[in-house]
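Note sheet for the following structure.
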Amino acid sequence: IIICSTSGAGLFYGMQTLLQLLTPSGTGYSVASVEIEDTPRFAYRGFMLDVSRHFFSKEFVKKQIDALAFYKINRLHLHLTDAAGWRIEIRKYPLLTDFAAWRTEPNWKKWWNGGREYVRFNEPGASGGYYTQKDICEILEYARQHYMTVIPEIEMPSHSEEVLAAYPQLSCSGEPYKNSDFCVGNEETFTFLENVLTEVMELFPSEYIHIGGDEAGKDEVEDEKGEDGAEFYLLPALFLPALCLQEGKNQDNGDDGQGAGELHSNGFVQGGAAQPPHTVPRGGGGSDRRGVVHGGTCKNAEPLARRCAKA
């Protein structure tokens, strides 16, 4: 049996093809005599795992990586944060994992249709969990060995009830269980997001991170003229490009058709109607938290081993 390729990934996927061809035969296996020449049709072959609504252990995630690699999937999108629970350790904000990662009901739908309350990790009946930064590094290394890139998703500005229950000062009301969106008029919001995303980007070597952006309300936001904040509100368009340029990342937004402002030239919008990701280049030069944002090229070349040594 001969497997040839111009890359390590090609050899790895050639081995997966061989495994798929194995047929049980007596006490062993047999392989048909064939010649296969294969190339991927799509460079991005992805799967999304929602560990916010349904938390899974790192061992389970590794099993999924095994299964996905067998079918030559090369991107694992980890939905790490949502109203249902925060799932990644952020050292600057311990309440995200001491409180926002735990809820009163293990079944997400029952919890969502009930009181939607969070509890501390050590309270009776607390259900949930999170990945330590060491866990994340272990998952990332396992994915790397399977030629898979893990793309983290950190939801903003909406779908953030769990954050605002733990840190209500980041909401426009200043009270827990009142809002689902970060308050864009609060400078502390941007400080929080910058700190969180900096820790996330120090861990993940992926070129892109996903920052949600869908179903953001605009009722509490007005521009200087007192008009609807539709063109002002979406945080990715206001803030992330500047951070992207500092840290060497590109942004990936979920799109629910509401739209807001212009998109960073290194970003792309992921459509909600089973569309493949598509890039949306806009403008160029400069960035401003309160206006249209543009930018140049982002690279992320720091080795995974160096990043995870910090954890």
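Q145 is linked by a side chain to side chain donor-acceptor pair (under 3.5 Å) to E141, counting only residues two or more places apart in sequence or in another chain. Every residue two or more places apart in sequence or in another chain was checked for a side chain to side chain donor-acceptor pair (under 3.5 Å) with E161, and none qualifies. Partners of H146 by side chain to side chain donor-acceptor pair (under 3.5 Å), not counting sequence neighbours, listed by chain and number: D66. Every residue two or more places apart in sequence or in another chain that forms a side-chain contact (heavy atoms from CB on, under 4.5 Å) with F60 is listed here: F56, S57, Q64. Taking D135 as the reference, K58, Y131, T132 meet the side-chain contact (heavy atoms from CB on, under 4.5 Å) condition, with sequence neighbours excluded.
Of all non-hydrogen atoms in Y130 and A101, the two that sit nearest each other are CB-CB, 4.3 Å. Shortest non-hydrogen contact noted between P157 and S160 is O-OG, 3.5 Å. Contact detail for C137 and L203: the closest heavy-atom pair is SG-CD2, 3.8 Å. Shown here for Y93 and N195, the closest heavy-atom pair between the two residues is OH-ND2, 2.9 Å. Pairing each heavy atom of G174 with each of S171, the nearest pair is N-OG, 3.0 Å. Closest non-hydrogen pair, A83 versus Y118, comes out as O-OH, 2.5 Å.
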_ring-ring contact (aromatic ring centres under 6.0 Å, His included) between F192 and F182, worked out_ = CA-CA 10 Å; F192 171 85; F182 286 105; 5.8 Å; yes
_Intermediate values then yes/no, side chain to side chain contact (heavy atoms under 4.5 Å, CB included), I154 and L197_ = CA-CA 8 Å; I154 307 296; L197 289 174; 4.2 Å; yes
_Derivation of the side chain to side chain contact (heavy atoms under 4.5 Å, CB included) call for R103 and W108_ = CA-CA 9 Å; R103 59 186 192 234; W108 169 73; 3.5 Å; yes
*So I139 and I65, side chain to side chain contact (heavy atoms under 4.5 Å, CB included) or not? Walk me through it.*
CA-CA 9 Å; I139 291 170; I65 290 173; 4.3 Å; yes
*Determine, stepwise, if the pair R116 / W111 fulfils side chain to side chain contact (heavy atoms under 4.5 Å, CB included).*
CA-CA 5 Å; R116 302 187 192 180; W111 175 83; 4.0 Å; yes
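Cluster membership check: V34 shares its hydrophobic cluster with Y29, using side-chain heavy-atom separations under 4.5 Å among Ile, Leu, Val, Met, Phe, Trp and Tyr. A chain of hydrophobic side-chain contacts below 4.5 Å, direct or via other Ile, Leu, Val, Met, Phe, Trp or Tyr residues, connects L95 to L164. Linking Ile, Leu, Val, Met, Phe, Trp and Tyr whenever their side-chain heavy atoms come within less than 4.5 Å puts Y177 and W112 in one cluster.
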Contacts table for residues 11-23: side-chain donor-acceptor under 3.5 angstrom, sequence neighbours left out:
from	atom 1	to	atom 2	distance (Å)
Y13	OH	Y147	O	3.3
Q16	NE2	F12	O	3.3
T17	OG1	Y13	O	3.2
T17	OG1	K72	NZ	2.4
Q20	NE2	F70	O	2.7
T23	OG1	L21	O	3.4

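Salt-bridge formation is detected for the pair E138/K62: a Lys NZ or Arg NE/NH1/NH2 atom is positioned less than 4.0 Å from an Asp or Glu carboxylate oxygen.
At least one donor-acceptor pair under 3.5 Å links the side chain of N179 to the backbone N or O of S173. Judged purely by atom type and a 3.5 angstrom limit, S52 uses its side chain to pair as donor or acceptor with the backbone of G85. R87 contributes no side-chain N or O that, together with a main-chain N or O of T81, makes up a donor-acceptor pair within less than 3.5 Å. Not a single donor-acceptor pair under 3.5 Å links the side chain of D98 to the backbone N or O of F121. Formation of a donor-acceptor pair under 3.5 Å by the T189 side chain with backbone atoms of C183 is found in this model. Of the possible donor and acceptor atoms, one in the side chain of W86 sits under 3.5 Å from a partner among the backbone N and O of I88.
For the pair L140 and P205, the minimum side-chain heavy-atom distance is below 4.5 Å. Using a 4.5 Å cut-off on side-chain heavy atoms (C-beta onward), R53 and H79 make contact.
S206 OG to R75 CZ: the interatomic distance, rounded to the nearest 0.5 Å, is 9.0 Å. Note that CG of L96 is 14.0 Å distant from CZ of R91, once rounded to the nearest 0.5 Å. Here OG1 of T149 is found 10.5 Å from CZ of R45. Values are rounded to the nearest 0.5 Å. Note that CG of D50 is 10.0 Å distant from CG of L78, once rounded to the nearest 0.5 Å. The distance from the CG atom of D82 to the CD atom of E155 is 5.0 Å, given to the nearest 0.5 Å. The line from CE of M156 to CG of L170 is 11.5 Å long, rounded to the nearest 0.5 Å.
By the neighbour-count criterion of 12 heavy atoms within 6.0 Å, atom CD1 of I36 is densely surrounded, having more than that number from other residues, nucleotides or ligands.
Between the side chains of Q133 and E199, at least one donor N or O sits under 3.5 Å from an acceptor N or O.
Using cut-offs of 30° and 60° for the angle between ring planes, the H77 and H210 rings count as tilted.
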